[in-house]
Trainee: 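The structure follows.
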Amino acid sequence: MPDRWRPALSEAWRALWVSRVAIWLSALGAIALWGTSPRASAFDPGAVTRPYGALGNALVAPMGRWDSVWYLAIADGGYPATDARRPAFFPLYPWLVRVVGTVTGSPLIAGALLSTACFAAALVVLHRLAELELGPEAARWTVWALALFPMSFFFSAVYAEALFLLLSVAAVYAARTGRWAWAGALGGLAAGTRSAGLVLVVALGLLWWQQRDRRASQLAWLALVPAAQAAFCVLLALRGADALAPFHAQALWFRSFAGPFAGLLDGAVAAADGVRQLIHGPGPPVYFTPAGGDPLRVARFNLMLFAFALLAIGALVGALRRLRPAYGAYAIAAITLPLSYPVAPQPLMSLPRFEAVLFPLFMWAGWWLARGGRARRALVLGSSAVLLAAFSAQFATWHWVA
């Protein structure tokens, strides 16, 4: 291994295991104290996330919850034309789960191992990218800021977040170091992992434009990014499904276009209504949200989501000021998607999970932490670790988080 990669590997390894141990301990403790929510049977009627008995299910609790059921279903049965909701989940991750599952004998274990391995690799590459742009000290704290982010438990669960993070960071690192064929190929794989992968062309295109030696042959590789999503649509059409199902499926998940960044305004209104309910008493029950029907729980949830939105805005401003324009432009384009397709009555639904893969925000956070003293780092990372443990406990006990 080249010496320049050794600091990245060492720091990523420490951050990975400190954060994963914190997740598992908090999850196991929560299950021991409170058990799991009865909602598990409604959202996982086939028990695909809990097939091992009481002890085994407790041990794998942080691995599979909520959308994990969909990824495991796709890994097992693909995209039947009769199910219009599955195409919202892009194919690369569940296909890899199926492949690894033939070795492990368990798709659930395969997904967790795949996600954790991808997250480890993503931390290594992110360290190298941050070191290239911001220096070694900022790179170190970038890795820790992401590993201890309150929603980083998704990176070791059966979710596509870790794979997408790895592919998107690697694509940008390849472009930044002049490897355009790799940038296009990795960007294409990212676009085959999540719909948001398409906006990687923003970062890659700007990095191409800003280099001195611009060649059309380099730019041509970036066509692999939209081509990957087009291939998924063609595959669905060949199977008798709607070719545009990955995009039409959003309506089935209660997302609809409300205008650019309209969700941010709706989220502010929902947060203000949450404050009113907490002060003056609850409103009518809400029955169709993953957070449940308790209006006070929904109110607190909306407040939490809006707080994450404000943190993202602050980090985005910092990224725009400190990093190359390509990073800030990519972050804006990526966060525009969830903020333009709100979910009523929780407009910012899943926003913290979407933020977790926006690596330019964590690069700026690493730079900001590096410029501060030990007190700043202890306060910020300590608070983040506490929230990570708390959210991991909720996730493991089948309470909706993001």
Side-chain angles (χ1 to χ4, degrees), residues 18-73 106-109 111-113 115-116 119 147-162 253 274 278 282 285-305 307-308 343 346 348-356 383-402:
V18 167
S19 60
R20 299 313 96 176
V21 168
I23 290 168
W24 252 264
L25 290 178
S26 60
L28 292 175
I31 290 175
L33 290 173
W34 301 298
T36 58
S37 168
R39 303 179 76 201
S41 298
F43 285 89
D44 181 18
V48 296
T49 63
R50 42 199 170 91
Y52 303 116
L55 178 59
N57 289 341
L59 292 174
V60 301
M63 299 179 183
R65 294 291 186 260
W66 301 105
D67 286 354
S68 301
V69 177
W70 289 98
Y71 285 115
L72 292 171
S106 166
L108 177 60
I109 299 299
L113 290 176
S115 292
T116 304
F119 185 48
L148 295 177
F149 181 62
M151 297 294 161
S152 81
F153 58 85
F154 283 113
F155 293 129
S156 48
V158 185
Y159 273 69
E161 267 63 20
W253 295 99
L278 293 174
V286 180
Y287 293 106
F288 59 97
T289 71
D294 179 2
L296 290 182
R297 177 172 172 77
V298 173
R300 291 191 294 268
F301 194 73
N302 282 330
L303 285 170
M304 180 269 287
L305 292 173
F308 272 97
V343 180
Q346 295 174 305
L348 301 177
M349 177 71 70
S350 299
L351 181 64
R353 178 162 57 87
F354 295 139
E355 291 175 8
S383 300
S384 188
V386 170
L387 289 174
L388 172 60
F391 286 128
S392 299
Q394 292 182 62
F395 180 76
T397 54
W398 274 99
H399 292 88
W400 180 258
V401 179

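All figures in this text were calculated on a predicted structure; none of them were measured in a lab.
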Trainee: Specify the closest pair of heavy atoms between V60 and I109, including all atoms of both residues, with the distance to one decimal.
Mentor: CG1-CD1, 4.0 Å
Trainee: In Å, rounded to the nearest 0.5 Å, how long is the span from CZ of F153 to OG of S26?
Mentor: 9.5 Å
Trainee: So how far is it from W66 CH2 to R353 CZ, rounded to the nearest 0.5 Å?
Mentor: 12.0 Å
Trainee: Please report the closest heavy-atom contact between M304 and V401, naming both atoms and the distance.
Mentor: CE-O, 3.6 Å
Trainee: List the atom of Y71, the atom of Y159, and the distance in Å for their closest heavy-atom pair.
Mentor: CE1-CA, 3.8 Å
Trainee: Examine distances only and state if a side-chain atom of S384 and a backbone atom of L148 form a donor-acceptor pair shorter than 3.5 Å.
Mentor: yes
Trainee: Hydrogens and angles aside, do S392 and R20 bring a side-chain donor and acceptor to less than 3.5 Å of each other?
Mentor: no
Trainee: Verify, without hydrogens or angle tests, whether W24 (side chain) and L59 (backbone) share a donor-acceptor contact under 3.5 angstrom.
Mentor: yes
Trainee: Do R65's NZ or CZ and the ring of F395 fall within the cation-pi criteria of under 6.0 Å and 45°?
Mentor: no
Trainee: Measure across L28 and A58 and return the closest heavy-atom pair with its distance rounded to 0.1 Å.
Mentor: CD2-O, 3.0 Å
Trainee: Does D44 use its side chain to pair, donor to acceptor, with the backbone of V48 at less than 3.5 Å?
Mentor: yes
Trainee: Which atoms form the tightest heavy-atom contact between L108 and G64, and what is the distance?
Mentor: CD1-CA, 4.0 Å
Trainee: Do the non-hydrogen side-chain atoms of T397 and S37 ever get within less than 4.5 Å of each other?
Mentor: no
Trainee: Is any side-chain heavy atom of F155 closer than 4.5 Å to one of S115?
Mentor: no
Trainee: Taking the side chain as C-beta and beyond, is there a heavy-atom pair between M151 and E355 under 4.5 Å?
Mentor: no
